[in-house]
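Notes for the one structure printed next.
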Amino acid sequence: MSRFAKFLVSFLIFIAAGYLGLKWFVNSEVARELDATVAATPGLSLNYGELNVDILSRSIRLDRVHAILPDGNRLSADTVRIYAFDQQHQVPLFLKAEAAGLTFTPEPETALLCDSLCRFLDVGALRADCALDYSFDKDNGTLTINNLTINADNVAQLRLSCTFRGLDSNLDRVERLLGLTVQKAELRFTNRSVVNRFLTLAGETRELSPDQARDMMVADLFRLSENAAADDNDVAEQAFQALGAFLRNPEALTLKAAPGEPVPLLWGFMGRDLADNLRLFNVTVTPEESDI
């Protein structure tokens, strides 16, 4: 072996050893910071099988995660990947993370409700792949949810993005939410089986077939659309027609709220009916084909 080849091999070994040493150090530091954060949160318990830091993508991966929340509920996940996380505040001002196989196990007081939901969805457990990406500007009270995705196999997928203003960073009292306003929001729903389950159960309560239950609901939505047209409510008229079209072919549906000015969320609970709220928040409904 030439001297150059020996030098090259030695250099590569040095680089590999340095990388592995750096990775071990980073993993240890991240694990220490994570454990300290959990210890500083009253009532929170977190266990995981393995922690790895991807230096190139600057992300943290936790495998076989089990957590007990302060309210007694339990979460477990096959894998959790964290891309960004605010460590400076007790309530993080920003977070970008994904969880595969996230399973929710309720505390005893809410177990009956969750069991009923599982029976309705025809699933053995509340389990989904989830993603969350949000940021909060505490100076102007703006919460931006760039992406909240809940993807439950054989049930449905929900994908939400929205912007709220007027949010107080100190949420020690519920009344602090009274100033919350909606700037914009978009929700995409993709059906796998949940709409079919709903139509089946709705039909059973009236001794109808799922198709008959669907036709009845479509007829109700058509009447609501006619009433909205009579009230010169073009927004509600379009929304009810689109909902009827979706029920005829329940694949995917996108709802967008785009009021001209941010609207206080509380206004939606001040005696307005559904048609009025659709106009208030300027909601458009679009039935689409499934992309999953």
Side-chain angles (χ1 to χ4, degrees), residues 113 116-123 145 148-152 154-164 177 180-292:
L113 177 62
S116 299
L117 181 59
C118 287
R119 286 195 297 272
F120 167 70
L121 297 175
D122 194 25
V123 295
I145 299 177
L148 170 60
T149 299
I150 302 174
N151 184 18
N154 303 319
V155 177
Q157 182 190 78
L158 290 172
R159 189 165 66 238
L160 171 70
S161 62
C162 56
T163 301
F164 296 104
L177 293 173
L180 189 65
T181 62
V182 179
Q183 179 175 342
K184 62 179 180 179
E186 179 174 334
L187 175 67
R188 179 176 172 82
F189 167 79
T190 302
N191 174 55
R192 291 194 178 97
S193 68
V194 67
V195 174
N196 311 75
R197 290 284 301 167
F198 172 73
L199 292 175
T200 297
L201 293 177
E204 289 176 353
T205 60
R206 301 192 180 190
E207 298 183 349
L208 300 173
S209 70
D211 288 344
Q212 289 173 324
R214 178 201 60 207
D215 292 342
M216 182 181 67
M217 292 179 188
V218 170
D220 289 341
L221 288 167
F222 179 75
R223 283 192 290 271
L224 289 172
S225 176
E226 287 185 323
N227 293 338
D231 292 336
D232 294 325
N233 189 341
D234 296 339
V235 173
E237 179 186 6
Q238 183 277 330
F240 290 135
Q241 289 178 352
L243 287 171
F246 167 74
L247 281 180
R248 293 189 190 95
N249 183 29
E251 290 194 27
L253 187 71
T254 296
L255 295 88
K256 293 183 180 180
E261 296 290 337
V263 176
L265 187 62
L266 185 63
W267 287 8
F269 301 93
M270 298 180 66
R272 291 179 172 84
D273 61 17
L274 178 56
D276 287 336
N277 279 326
L278 289 170
R279 176 162 53 187
L280 175 67
F281 292 97
N282 192 26
V283 176
T284 58
V285 180
T286 307
E288 300 170 342
E289 293 184 357
S290 173
D291 58 359
I292 59 175

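Predicted, not measured: the structure shown is a model, and the values here were computed from it.
Looking only at side-chain heavy atoms (C-beta outward), Thr286 and Leu253 stay at 4.5 Å or farther from each other. Using a 4.5 Å cut-off on side-chain heavy atoms (C-beta onward), Leu280 and Val263 make contact. Side-chain contact check for Thr149 versus Arg159: some heavy-atom pair is nearer than 4.5 Å. Within the 4.5 Å cutoff, side-chain heavy atoms of Gln238 are placed close to those of Thr284. Looking at heavy atoms from C-beta onward, Val285 lies out of side-chain contact with Thr254 at the 4.5 angstrom threshold.
Across Arg248 and Arg214, no two heavy atoms sit closer than the pair CA-CD, 4.1 Å. For Ala257 against Pro259, the heavy-atom pair with the smallest separation is C-CD, 3.6 Å. For the pair Ala252 and Phe246, the tightest heavy-atom approach, listed with the atom from each and the gap, is O-CD1, 3.5 Å. Shown here for Val235 and Val283, the closest heavy-atom pair between the two residues is CG1-O, 3.1 Å. When all heavy atoms are compared, the tightest approach of Val194 to Ala156 is CG1-CB, 3.8 Å.
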Evaluate the criterion side chain to side chain contact (heavy atoms under 4.5 Å, CB included) for residue pair Asn277 and Phe281; output intermediate values, then yes/no.
-> CA-CA 6 Å; Asn277 279 326; Phe281 292 97; 4.3 Å; yes
Side chain to side chain contact (heavy atoms under 4.5 Å, CB included) between Phe189 and Val195, worked out = CA-CA 11 Å; Phe189 167 79; Val195 174; 3.8 Å; yes
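Here the CG-CZ distance, from Leu201 to Arg119, works out to 11.5 Å after rounding to the nearest 0.5 Å. Atom CG of Leu265 and atom OG1 of Thr181 lie 9.0 Å apart (nearest 0.5 Å). To the nearest 0.5 angstrom, Asp276 atom CG is 13.5 Å from Trp267 atom CH2. Taking CD from Gln241 and CD from Glu226, the interatomic distance works out to 9.5 Å, rounded to the nearest 0.5 Å. Phe120 contributes atom CZ, which lies 7.0 Å from atom CZ of Arg197 (distance to the nearest 0.5 angstrom). Atoms CG and CE, on Leu208 and Met217 in that order, are 9.5 Å from each other to the nearest 0.5 Å.
Judged by distance alone, the side chain of Ser161 and the main-chain N or O of Ile145 form no donor-acceptor pair under 3.5 Å. In this structure a side-chain-to-backbone donor-acceptor pair under 3.5 Å is present from Gln212 to Ser209. Listed for the Arg272 side chain is no donor-acceptor partner under 3.5 Å among the backbone atoms of Leu278. At least one donor-acceptor pair closer than 3.5 Å links the side chain of Ser225 to the backbone N or O of Glu237. Remark: side-chain polar atoms of Asp273 are paired, donor with acceptor, to backbone N or O of Ala275 under 3.5 angstrom. No donor-acceptor pair closer than 3.5 Å links the side chain of Arg279 to the backbone N or O of Asp234. With hydrogens and angles disregarded, a donor-acceptor distance shorter than 3.5 Å links the side chain of Asn282 to the backbone of Ala258.
Looking only at atom types and distance, the side chain of Asn191 has a donor-acceptor partner in the side chain of Asn196 under 3.5 Å away.
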